[in-house]
Participant: 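My questions all concern the structure below.
Small disclaimer: the values here were computed from a predicted structure and weren't measured. Lettering of chains follows the sequences in order, A, B, ..., and the numbering in each one begins at 1.
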Amino acid sequence: MDASELQPVEQFLAAHSPFDSLPAEVISRCAKNITVGYYSKASAFVEFDTQNPKLYIVRSGAFEVRDPEGILVDRVAEGECFGFSTLLSGEKVVNKVAILEDGLVYHLPQAIFAQLRAEQRSFDQFFARAFAKRLRNEGRFKAKDLTTTSRITSIMCAKPIIVQAHDSVIDAAKIMRDHRVSSVLVIDNDKLVGILTDRDLRNRIIAEGLDVNTLVSQAMTVSPITTHANALVFETMLTMSEHNIHHLPVVDGSKAIGMITSTDILRAQRSQPLLLIGEIGRQANIDSLIQVSKQIPLLLQNLISADARAEEIGRVLTSVTDALTRRLIELNQQILGKAPMAFCWLAFGSQGRQDQVACSDQDNGLLLAHEPDELAAAYFEALTQAVCKGLDQCGYVYCPGDIMAQNPKWRLPLNQWKSLFKHWVLTPEPKALMHASIFFDMRAVFGPMSLFSELQDDVLASTKDNDIFLAGMAGNSLTESPPLGFFRKFVLERDGSEVKGMDLKHKGSALINDIARVYALSAGIKEVNTAKRIRVLMEANIINRKDALNLADAHEFIAHMRLANQGYQVTNNLPVNNFLKPQHLSSLLRHQLRDAFKVVHDAQAGIKLKFLRSF
Amino acid sequence: MANLWWIKTLLWRSKTKVLPLPLQNYLAAITPVLNQRFIDAPLMAIDLEMTGLDPKNDQVISIGLVPIVKGEIPLAKAQHLMIAISGSVGHSATVHGIVDHQLHTALTLPEAMSWFLSQTEGHILIAHHAPLDIQFIQQQLVRCFGHSIPLVFIDTLAIEKKRRLQQQDILQQGSLRLGASRARYHLPVYSAHNALVDALSCAELLLAQVAAMGDVKKLTVKKLIDVIG
Amino acid sequence: MDVQTLTYLIVGATFALYIGIAIWSRAGSTKEFYVAGGGVHPVMNGMATAADWMSAASFISLAGIVSFVGYDGSVYLMGWTGGYVLLALCMAPYLRKFGKFTVPDFIGDRYYSQTARTVAVICAIFICFTYIAGQMRGVGVVFSRFLEVEVETGVYIGMAVVFFYAVLGGMKGITYTQVAQYCVLIFAFMVPAIFISVMMTGHILPQIGFGAELVDAAGNGTGVYLLDKLDGLSAELGFSQYTEGSKDMIDVFFITGALMFGTAGLPHVIVRFFTVPKVKDARVSAGWALVFIAIMYTTVPALSAFSRVNMIETINGPDSTGVDYETAPSWIKNWEKTGLITWEDKNNDGKIFYTSGDKNEMNIDRDIIVLATPEIASLPAWVIALVAAGGLAAALSTSAGLLLVISTSVSHDLLKKNLMPDISDQKELMYARIAAALGVVMAGYFGINPPGFVAAVVAIAFGLAAASLFPAIIMGIFSKTMNREGAIAGMVIGLLSTAGYIAYFKFINPAANTSENWFFGISPEGFGMVGMFINFGVAFAVSKVTAKIPDEIVEMVESIRFPKGSGEAHDH
């Protein structure tokens with residue numbers, strides 16, 4: 001068939017961006033690969049084929065893209081597209097597309113979309129921009145990295161180095177030398193007229209053999225590409241890579257208000273957590289360390305308000321705790337002297353799992369290479385007491401259950417740790433199981449990895465395939481169930497007459513942690529972070545792929561809801577706890593939360609069947 | 001829209017006759033489709049360009065085929081075929097934009113009908129004001145094979161008429177034409193006119209009509225089909 | 001109130017109790033309780049084990065068999081009790097140390113072979129099916145009498161009740177539900193026994209009444225001892241004497257053996273030893289379970305003797321010539337409706353008469369004895385109703401456990417581990433439920449068309465277990481040389497030979513089922529022990545000519561028999 005006969009389709013494409021910039025034969029190739037669908041208001045939402053993501057080009061009708069919380073992200077009418085965020089990010093569809101007005105939609109398959117992006121630069125840029133715009137409009141869920149969504153003004157250099165257009169290049173070079181910068185903005189009558197860089201001086205003055213008194217206006221790059229104050233970091237990065245430049249004046253109207261370099265962006269990307277961790281490592285005494293630790297709540301606030309993924313928040317906060325612990329050990333060793341033997345500082349519970357939230361209490365222990373003599377015992381007693389006290393002062397309060405390295409019960413040589421774990425495994429009585437759920441999520445924060453591995457390998461060898469112990473663990477994890485009643489109604493907890501809501505921690509996240517732990521111990525998997533455990537279990541084919549993905553999603557979603565709820569509680573001056581009242585949620589969110597709980601419920605039924613042989 | 005029982009009876013009756021093999025196969029292939037859901041059934045929108053409106057005397061110049069698969073139209077599978085005719089295209093060429101020299105590259109009628117049967121075998125045909133196109137096809141079958149067979153089709157005009165009447169619309173002159181019908185479903189106006197574009201227009205119209213009827217997933221084709229023996 | 005209404009009330013009340021406990025223990029309040037209390041008390045666990053253990057066969061059929069065949073019936077008593085001791089002392093502690101929850105898992109790991117595991121799974125499923133079939137028959141008898149329907153209809157109702165209980169109820173496997181079930185069943189069993197004991201001998205404890213003098217209505221001793229009276233009656237009517245066995249010694253020995261070793265291989269009871277966290281507690285609760293089982297088992301001979309005497313006297317009348325059918329006691333008419341008692345007036349005298357040989361006019365199903373005893377002794381209606389509840393409790397507690405073994409074995413061991421490793425949780429659960437439903441249906445079929453009485457059907461299950469799983473477990477624990485090939489060959493041939501022998505005499509050629517045709521005079525019920533010897537023999541022979549077992553398995557066997565881990569030291 002002659003492709004040009006699909007004239008109406010081709011004409012339409014040729015009249016709309018970004019296809020309008022494509023050559024005729026490419027348009028004709030697009031047209032040939034399109035499938036046509038019709039969407040009626042009666043079906044309310046566009047049903048996405050998750051297996052085959054596509055670009056949806058609206059031929060007629062009107063559509064609305066809303067994020068999972070129901071917030072409007074984009075309105076799409078004739079000639080516009082949706083579905084590209086999924087194609088670009090490779091993530092699964094989270095947004096919903098409501099059908100406002102019946103209409104015809106062209107579907108462009110992913111393969112063709114990818115081909116066009118690779119071949120046609122303008123096509124690629126169009127969607128990259130559209131995606132950036134989306135990120136800005138869209139609130140929470142898409143934001144994976146807080147820097148890409150933050151504004152340029154927050155990271156630019158606010159006092160740009162300036163030269164006048166009528167200055168000589170030698171003066172300009174002196175200013176650049178004095179300020180140790182590789183570029184300056186060129187101003188004429190308070191207006192930005194150009195930019196002068198090291199390269200300009202090299203290429204246009206020295207290489208050309210021009211006089212050092214040449215005017216800046218002759219050497220500068222005229223009307224440079226700029227970015228505006230309100231731009232996202234993401235967009236700025238895009239502009240820089242498009243034009244292969246590393247310096248970008250920031251303007252407000254025609255007035256230069258700052259300068260941003262690729263180094264600034266790089267620095268900002270790894271900004272707060274890494275900076276804080278670096279700062280922690282630099283502190284020379286305990287008092288200043290405590291001072292630095294005061295920034296942690298702020299970091300949490302920033303992370304929550306930037307809507308980072310809950311899992312990332314947990315990992316970031318835990319790495320700060322780890323750094324703090326390490327620095328405290330180092331500083332105290334400077335006071336107490338070198339340790340008499342190799343040892344590991346163990347983190348348990350949420351720190352072990354890398355899912356700390358606010359400043360939680362400490363759960364830690366000490367693993368010694370061998371039986372200490374009296375002198376060594378005294379050394380480690382002093383060390384652990386000092387470190388635990390330091391942590392307490394930094395905001396990690398003493399563990400109410402006394403699971404701390406300063407407690408001699410949890411400061412043991414390798415062989416005693418081994419037999420302690422073996423005892424729990426062989427005698428899975430309730431108390432042992434309760435301990436197990438904390439201690440089996442262990443990680444070495446400080447000390448030789450080989451020593452820790454020796455313990456972990458031994459422990460996992462004893463739990464792997466030990467069905468009796470695993471049945472005990474599974475049974476223990478089933479004593480709580482997600483707050484769903486008959487007909488999938490939420491079950492709310494009450495305190496007298498007052499409705500407290502749903503406990504998202506104990507009847508949500510903790511249950512998923514438990515499930516992942518049982519599977520991980522059954523298979524001898526070393527990971528302790530719940531998301532990582534689920535991923536490894538999926539890869540090892542121990543959990544069915546679909547079940548694993550569902551569980552991981554439910555884990556992130558419930559954790560996110562918990563953080564968002566706590567953010568809400570803080571801003572509304574309510575006591576901060578884990579209880580969520582469902583009436584505070586949109587119906588869409590309620591629906592999703594119900595689905596997440598249903599996933600937890602099903603996964604519990606799964607471990608009941610597998611490990612307890614019951615249903 | 002005819003009763004399924006009646007359609008089956010017609011098909012069964014003609015199966016008892018001695019027919020050329022391609023026609024026999026064609027009949028056998030259509031029967032299982034009749035009970036399928038709309039979303040699963042193989043459908044093929046057709047449009048013919050003719051030299052006139054009389055099936056007995058006028059000839060088919062070109063055929064456009066546009067399939068509907070799983071409720072969507074894959075343009076990659078749209079096809080357009082020219083047929084060599086005896087005599088000149090005459091004044092209708094001004095309507096279709098087809099001129100004689102284009103037709104020199106076309107297939108002969110028997111070739112074209114074999115092609116048509118192979119492409120639409122096991123498909124329910126779709127056309128706007130279908131009886132005309134169907135009668136033309138059947139007439140061409142008689143010319144090529146000496147026999148005709150019942151053809152099962154969906155007529156978007158009949159559907160539109162029924163829907164309008166159900167909604168107590170007063171049917172005005174021309175309000176059931178393809179373009180007018182499409183406009184009611186916010187379907188775009190296509191300037192071009194040929195068998196392929198009209199088949200596409202018709203296929204799009206059916207999708208829109210079906211979407212407007214409500215739950216597409218539950219709809220079965222037997223609610224839409226008709227037959228001409 | 002009549003018996004039927006009372007039955008509805010009491011059975012309803014016991015079900016409400018089980019449901020109530022299930023809801024209470026799910027309410028979440030148990031977690032604190034559980035952790036604080038350090039788990040379930042060994043006495044409670046002992047009761048739960050006893051409830052798991054004592055099936056409809058024990059409750060309904062055991063006394064019937066002893067009552068009808070006298071001394072010979074006690075092989076069941078000895079076999080089952082012996083088997084329990086064997087299980088508790090010789091096997092459970094080692095299996096526990098091995099860390100395996102199910103017998104097939106133990107066999108699979110010990111014999112380092114997925115095939116061995118699969119063979120063991122199939123054996124276990126086979127055994128459980130046979131065992132549930134016995135339970136179904138028991139439940140059917142209970143329902144048929146108290147709803148006054150045919151026994152087949154009773155089985156259908158029973159199937160539905162058991163299915164809902166095991167698959168949808170969410171009540172099974174909860175220790176406290178089983179404790180309640182034990183209480184119901186032991187109360188239901190003891191009350192009529194004590195009543196009759198007091199009435200006939202003046203002793204409260206049936207166990208003492210069994211060997212005591214009979215008393216007259218005024219409570220004065222008559223100088224005639226119960227057993228003498230029973231032997232006298234039996235001799236008079238041409239039955240073999242109650243205290244004298246008629247079976248060959250060898251058959252008795254083999255049946256006892258098959259029951260004993262089979263018990264040890266039963267998959268659903270062994271789990272109970274693993275759900276107790278401490279080894280010591282497991283031993284203590286095993287002891288308690290034995291005590292609780294003994295309470296019932298020691299009552300069985302007394303109850304059967306009482307009801308035998310009562311039954312013969314009420315049928316044949318004071319002058320031992322029979323009573324008029326018109327004036328016959330109501331229990332006979334009631335049970336006639338179930339088809340489990342039939343009367344054929346051979347001499348046309350209008351009288352019912354029970355004896356041995358051709359002159360016998362009464363055809364009485366043994367399985368009704370326990371249920372009919374209160375009626376025969378004219379006890380109050382609530383006692384009769386209570387017994388129905390007890391029978392149901394016995395059947396439910398056992399069959400729920402068995403159905404779980406079948407369904408999870410099919411879904412997890414066969415499907416997930418062998419056939420479809422990538423199955424999702426929900427699918428696995430669905431297949432488990434389907435397997436449970438199929439299990440109930442098949443068991444129901446055999447409950448309607450039983451190859452024997454409840455206890456005999458159950459005995460077959462034990463025979464199969466003795467011939468297949470028991471040797472594999474014992475050799476797994478105590479032999480350092482038994483290899484994969486030997487164990488698999490032993491299990492397969494042991495199971496097939498026993499199943500074949502039973503199938504021949506029970507299904508293919510039931511007419512030939514007499515001691516002359518039996519192999520060395522060993523009945524199908526006792527052949528399981530022969531199968532066990534065949535299993536041992538084949539396994540030994542095959543292991544001699546095939547590859548040696550890997551060193552790490554030798555080490556594993558040594559470690560479970562001689563614990564060296566310091567973990568145990570902490571505990572004791």
Side-chain angles (χ1 to χ4, degrees), chain A residues 1-16 27-49 51-52 54-63 76-80 83 99-109 111-112, chain B residues 38-39 45 47 62-82 96-98 102 105 115 119 182-219:
Chain A
M1 183 202 68
D2 184 357
S4 67
E5 289 181 9
L6 287 166
Q7 224 179 349
V9 181
E10 287 165 13
Q11 276 172 358
F12 172 78
L13 290 180
H16 292 92
I27 290 185
S28 138
R29 173 149 53 94
C30 286
K32 233 202 286 189
N33 282 292
I34 274 171
T35 62
V36 185
Y38 187 85
Y39 295 88
S40 155
K41 257 189 296 196
S43 39
F45 291 100
V46 175
E47 237 179 80
F48 288 101
D49 175 0
Q51 297 307 308
N52 303 302
K54 314 177 248 237
L55 181 70
Y56 294 74
I57 310 159
V58 176
R59 179 65 182 83
S60 67
F63 298 81
V76 189
E78 186 172 320
E80 295 173 336
I99 304 161
L100 296 182
E101 210 176 283
D102 296 1
L104 211 57
V105 175
Y106 294 157
H107 306 149
L108 191 68
I112 304 293
Chain B
F38 176 80
I39 207 91
D47 189 70
S62 71
I63 304 177
L65 297 181
V66 174
I68 298 181
V69 179
K70 301 265 172 226
E72 290 180 7
I73 303 165
L75 293 183
K77 291 183 185 149
Q79 303 186 74
H80 195 190
L81 182 88
M82 303 293 166
H96 314 302
I98 298 172
Q102 271 183 306
T105 58
W115 171 85
Q119 292 306 306
R182 283 172 61 86
R184 274 193 289 274
Y185 296 94
H186 303 285
L187 292 170
V189 178
Y190 291 155
S191 53
H193 255 300
N194 64 39
L196 183 71
V197 173
D198 283 352
L200 175 64
S201 303
C202 174
E204 290 175 354
L205 175 61
L206 181 65
L207 287 186
Q209 288 173 329
V210 163
M213 284 180 201
D215 200 345
V216 178
K217 286 192 182 126
K218 285 191 190 138
L219 185 70

Participant: Going by side-chain contact (heavy atoms from CB on, under 4.5 Å), B:E72 matches just one of A:D49, A:T35, A:I34, A:V105. Which one?
Facilitator: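 Exactly one candidate clears the test, A:T35.
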Participant: Side chain, backbone, both or neither: which part of A:Y106 has a heavy atom under 4.5 Å from chain B?
Facilitator: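 Answer is side chain: those atoms of A:Y106 sit under 4.5 Å from chain B.
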Participant: Does any backbone or side-chain atom of B:I68 lie under 4.5 Å from a heavy atom of chain A? Answer side chain, backbone, both or neither.
Facilitator: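 No part of it gets close to chain A.
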Participant: Which distance, rounded to the nearest 0.5 Å, do you find between the CG of A:N33 and the CG of B:L75?
Facilitator: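 If I round to the nearest 0.5 Å, the distance is 9.0 Å.
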Participant: Can you tell me how far the CZ atom of B:R184 sits from the CG atom of A:D102, to the nearest 0.5 Å?
Facilitator: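 If I round to the nearest 0.5 Å, the distance is 13.5 Å.
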Participant: Rounded to the nearest 0.5 Å, what's the gap from CZ on A:R59 to CD on B:E204? Could you check?
Facilitator: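 Rounded to the nearest 0.5 Å, the CZ-CD separation comes out at 8.0 Å.
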Participant: With distance as the sole test, does A:S60 use its side chain to make a donor-acceptor pair with the main-chain N or O of B:P188 at under 3.5 Å?
Facilitator: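 Absent.
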Participant: Under 4.5 Å from any heavy atom of chain B, what part of A:E78 do you find: side chain, backbone, both or neither?
Facilitator: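 Neither part.
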Participant: Tell me, please, which residues at least two apart from A:Y56 pass ring pair (Phe, Tyr, Trp, His ring centres under 6.0 Å).
Facilitator: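 A:Y56 satisfies ring pair (Phe, Tyr, Trp, His ring centres under 6.0 Å) with A:F48, A:F82, A:H107 once adjacent residues are dropped.
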Participant: Would you find a donor on one side and an acceptor on the other, under 3.5 Å apart, between the side chain of B:Y185 and the backbone of A:Y38?
Facilitator: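 No; zero donor-acceptor contacts below 3.5 Å.
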Participant: Can you tell me how far OH of B:Y190 sits from CD of A:Q11, rounded to the nearest 0.5 angstrom?
Facilitator: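 The distance works out to 10.5 Å.
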Participant: Check whether any side-chain heavy atom of B:V66 sits under 4.5 Å from a side-chain heavy atom of A:V36, and report yes or no.
Facilitator: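 Of all side-chain heavy-atom pairs linking A:V36 with B:V66, none is under 4.5 Å.
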